[in-house]
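Read the structure below first, then the notes.
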Amino acid sequence: MSADSNPSNAAAPVPTDFIRDIVAQDVAAARFPKIVTRFPPEPNGYLHLGHAKSICLNFGIARENNGRCNLRFDDTNPAKEEVEYVESIQTDVRWLIDGWADHCLGFKAPGAAPAAGTVNGLPDFHAAAAPAGTAGAEPFYASDYFPQLYEYALTLIRKGHAYVCDLSPAETEEYRGSPDKPGRNSPFRDRSVAENLDLFTRMRAGEFPDGKRTLRAKIDMTSPNIWLRDPLLYRIRHIAHHHTGDAWCIYPLYDYAHCLSDYLEGVTHSICTVEFEVHRPLYDWILEHLDLPRPRPHQYEFAKLNLSYMIFSKRRLIQLVQENFVQGWDDPRLPTIAGARRRGIPARALRNFAYHVGVTKFDGLTDIAAFEHTLREELNGISHRRLAVLRPIKIVLTNIAEGEVLTCDATNNPQDENPTTRPLALTREVFIESEDFAEVPPPKYFRLKPGGEVRLKYACIIKCDEVVKDAAGQVTELRCTADLTTRAGGPNVDRKVKGTIHWVSATQSLDAEVRLYDRLFTVAEPGAEEDFKKFINPHSLEVVTAKVESSLATATPAERYQFERTGYFTVDSKDSAPGKLVFNRTISLKDTWAKK
RNA sequence: UGCCCGAUGGUGUAAUGGUAGCACAAACGACUCUGACUCGUUUUGUCUAGGUUCGAGUCCUAGUCGGGCAGCCA
């Protein structure tokens, strides 16, 4: 990896995009004491690569400006949210930013609630971030702001900007009109402030059943922007909340809670995806109609990530998991962050990828090849090389005695400045990859063929003397002679042959389960298909029992390995155990030969 | 259909009125004890039509195409 393509390198140029340009202008104009962004997932599912883009953007801006990025759970809909997701999201975020932007992670002091105070003579609430290193610091929760949000709602009512509406859900929809047809005013729109106050207080007190009344902003039922047609601010839901329990039976809606949560936390740049563009006038309207003394946050939108051969829709991801097309949310074939981690994708590769795709408002489709390139680029630099034979075929080196062990030096990583080595045992019987032998070789075949020569990597050149077959005509073993003069230190070490292949000793090697993952879908845009499940790649997972060199006995999930000439692998964090090795293929090596 | 947003090689992006550049992909070549890596060469682009300007990918108008919005979801 070159230094200047690596955003985690201190000397690297910072990325530029239209949002960072805006932030830079705000910094230049000293509009804010500190740049504060936020990553605000709803805890209703696992994070995926699309979220990773957003995390890298928000935390990236924070770290580039000596600012902060709050992790906030946008948990205003208790019907959909669970603690399992709260926990997985924290794990994924911390993993993704570790060693890169963890010093910018905005958490609050344990149990902290927004503090009431006075700013510029006006009453104010502020949800401060805890100083770095605060013991027990925890993420922000929108649900921690329910009391303040309730106060703000009372204020809107008093100012005549909000009213309690008794329309049923169906009636509300009907009154709203449609994009090309203006809506009509609710018959409850002109209730007195006193009545609204009374009704809203009683909503909060639990006097009314679900759906009976709502609190609405009084804006304009004829607005061409549907989100300005008296949007709902609060609904009644008699349901326990994962974070606030039974404390509330009215819950704020996204548009109301989000802008105010941003404000409470002192967020300066609220960055979301383009589908919220039409919500921005409402975001601004709410903040403008409360007399908030501190600088108001502003919303900016960018296009979400689309990757070919992948699916990001939460609804569809759930189907894949629940209908057992994959094995759980961390299945390595899934575009979830948990899946990527288990597959062996380094966090830094994800960050680099986010850097390379850029940030725009254009709704494009990024080629999966760009993602794979970033992976290989990162993995190439950090992976230790190992020899592993995925589909073994036995070779007998007839001029090596049984029991004889010749030790070879193998380079751990040629990309290192001062590469280290490890010993490898060459014995009479070895395994090579079955696809590295062809009885009838295609043109330009560099590998082993009857009567042909090939080099066993780190060992010596061998010549195929005899092909042994069983009664069915299947090749069972190859009998070869080893030219020991071509070993390291030997007189003919520099003798060239066209092909060099990987191998392992038959007696000094280990069996390992190896999971060969491939793309989950067979079409570039599975999300565009009505029945996307018809396009699931039946070969997205192939499991083989491989022969791997014995040094892999102590392999850990923290390590990345390149099985030479094959691909990048890591130990499976769940299923691997001492004595029962399981490897996941992160990504194959580029193979320009196979394409021809 | 009303409103909002967008459009630069095959793909993702840069150029902030002044030489259309980068990365990926593709092709060819060099190197190679990984058909990897690395290095070199090459192919391909400003949606259309008008306008403003000495000069337009950039500004204006219209069109075309694409995306988004009508949950008491976020």
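Just so it is clear: chains get the letters A, B, ... in the order the sequence lines come, proteins before strands, and each one is counted from 1.
Heavy-atom distances to RNA chain B give each of Glu173(A) and Thr366(A) a nearest nucleotide, and the one nearer the 5′ end belongs to Thr366(A).
Taking atom C1' in both rG29(B) and rG66(B), one finds a spacing of 40 Å when rounded to whole Å. When the C1' atom is used for both rC59(B) and rU53(B), the distance is 10 Å, rounded to whole Å. Spacing of P atoms, rC69(B) relative to rG57(B), comes out at 34 Å, to the nearest Å. Separating the P atom of rC31(B) from that of rA36(B) is a span of 14 Å, rounded to the nearest Å. Nucleotides rU43(B) and rC28(B) are separated by 15 Å at their P atoms, to the nearest Å. Taking atom C1' in both rG9(B) and rU44(B), the straight-line distance is 5 Å, to the nearest Å. Rounded to whole Å, the separation between the P atoms of rA74(B) and rA15(B) comes to 36 Å. Comparing the P positions of rC24(B) and rU41(B) gives a spacing of 14 Å, expressed to the nearest Å.
A cation-pi arrangement is found for Arg204(A) relative to Tyr150(A), the charged atom lying closer than 6.0 Å to the ring centre and inside a 45° cone about the ring normal. Cation-pi contact between Arg184(A) and Tyr175(A): present, with separation from the ring centre below 6.0 Å and deviation from the ring axis of at most 45°. Remark: Arg216(A) is not positioned above the aromatic ring of Tyr163(A), lacking an NZ or CZ atom under 6.0 angstrom from the ring centre and at most 45 degrees off the axis.
Taking atom CG of Asn380(A) as the reference point, atom P of rA36(B) lies 12 Å away to the nearest angstrom. To the nearest angstrom, P of rG6(B) lies 13 Å from CD1 of Ile19(A). Following rounding to the nearest Å, Tyr234(A) (OH) and rG71(B) (P) show an atom-to-atom distance of 22 Å. At whole-Å resolution of the value, CG in Asp363(A) and C1' in rA7(B) are 11 Å apart. Put simply, CG on Leu390(A) is 14 Å from C1' on rU34(B), counting in whole angstrom units. Atom pair Arg20(A):CZ and rA14(B):P shows a separation of 11 Å (rounding to whole Å applied). One atom, CG of Asp255(A), and another, C1' of rA74(B), lie 9 Å apart when rounded to the nearest Å. For the pair Glu277(A) CD and rG67(B) P, the computed distance is 15 Å after rounding to whole Å.
When distances are taken from the side chain of Val357(A) to each of rG12(B), rC72(B), rG35(B), the shortest belongs to rG12(B). For Trp593(A), whose side chain is taken as the heavy atoms from C-beta onward, the closest listed nucleotide among rC24(B), rG2(B), rG35(B) is rG35(B). The side chain of Ser178(A) sits closest to rA70(B) out of rC33(B), rA14(B), rA70(B). Closest to the side chain of Arg176(A), out of rA14(B), rA70(B), rC33(B), is rA70(B). The side chain of Phe362(A) lies closest to rG12(B), out of rG12(B), rU34(B), rC69(B). For Lys590(A), the side-chain atoms get nearest to rA36(B) when compared with the rest of rU13(B), rA36(B), rC33(B). Of the candidate nucleotides rC73(B), rC3(B), rG6(B), rC3(B) has the atom nearest to the side chain of Pro224(A). For Lys457(A), whose side chain is taken as the heavy atoms from C-beta onward, the closest listed nucleotide among rC33(B), rC5(B), rC72(B) is rC33(B). Set against rC24(B), rU34(B), rC69(B), the side chain of Ile226(A) has rC69(B) as its closest nucleotide. With rU34(B), rG68(B), rC73(B) as the candidates, the nucleotide lying closest to the side chain of Arg235(A) is rC73(B).
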Practice prompt. Assess whether side-chain hydrogen bond (donor to acceptor under 3.5 Å, both in side chains) is satisfied between Glu82(A) and His242(A), documenting all intermediate values.
Written response: CA-CA 6 Å; Glu82(A) 290 174 32; His242(A) 66 93; over 6 Å; no
Worksheet entry | ring-ring contact (aromatic ring centres under 6.0 Å, His included) evaluation trace for Phe18(A) with Tyr300(A) | CA-CA 10 Å; Phe18(A) 75 100; Tyr300(A) 305 93; 8.1 Å; no
Discussion item. Assess the residue pair Asp75(A) and Ser143(A) against the criterion (side-chain hydrogen bond (donor to acceptor under 3.5 Å, both in side chains)); give the C-alpha distance rounded to whole Å, side-chain angles, the decisive distance to 0.1 Å, and a yes or no.
Written reply: CA-CA 6 Å; Asp75(A) 55 349; Ser143(A) 58; 2.7 Å; yes
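Phosphate contact (OP1/OP2 of rG35(B), side-chain N/O of Thr592(A), threshold under 4.0 Å): absent. Side-chain nitrogen and oxygen atoms of His373(A) include at least one within less than 4.0 Å of the OP1 or OP2 phosphate oxygen of rC24(B). Residue Lys181(A) places none of its side-chain N or O atoms closer than 4.0 Å to OP1 or OP2 of rA70(B).
Of the residues listed (Thr76(A), Leu149(A), Val164(A)), the one engaging Tyr234(A) in a side chain to side chain contact (heavy atoms under 4.5 Å, CB included) is Leu149(A), and it is the only one. A side-chain hydrogen bond (donor to acceptor under 3.5 Å, both in side chains) with Asn412(A) is found for one member of His384(A), Arg385(A), Arg422(A) and no other, namely Arg422(A). Paired with Phe569(A) under the rule ring-ring contact (aromatic ring centres under 6.0 Å, His included), one option of Tyr561(A), Phe563(A), Phe583(A) passes, and it is Phe563(A).
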Response to the item:
For RNA chain B, the dot-bracket notation using Watson-Crick and G-U wobble pairs below 3.5 Å, [ ] for pseudoknot-type crossings and | for other-strand pairs, is .((((((..((((....[..)))).(((((.......)))))....(((((..]....))))))))))).....
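Checked against a 6.0 Å centroid threshold, the rings of His279(A) and Tyr283(A) do not count as neighbours.
An aromatic stacking contact links Phe446(A) with the base of rG35(B), defined here by ring centres under 5.5 Å apart and ring planes under 30° from parallel. Where stacking is scored as ring centres under 5.5 Å apart with planes under 30°, Tyr254(A) does not register as stacked on the base of rA74(B).
Among the protein residues, Lys361(A) comes within range of the sugar-phosphate backbone only, with heavy atoms under 4.0 Å from sugar or phosphate atoms but none that close to a base.
Put simply, the side chain of Arg237(A) and the base of rC72(B) share a donor and an acceptor less than 3.5 Å apart. Applying the 3.5 Å distance criterion, the base of rG35(B) shares a donor-acceptor pair with the side chain of Arg447(A).
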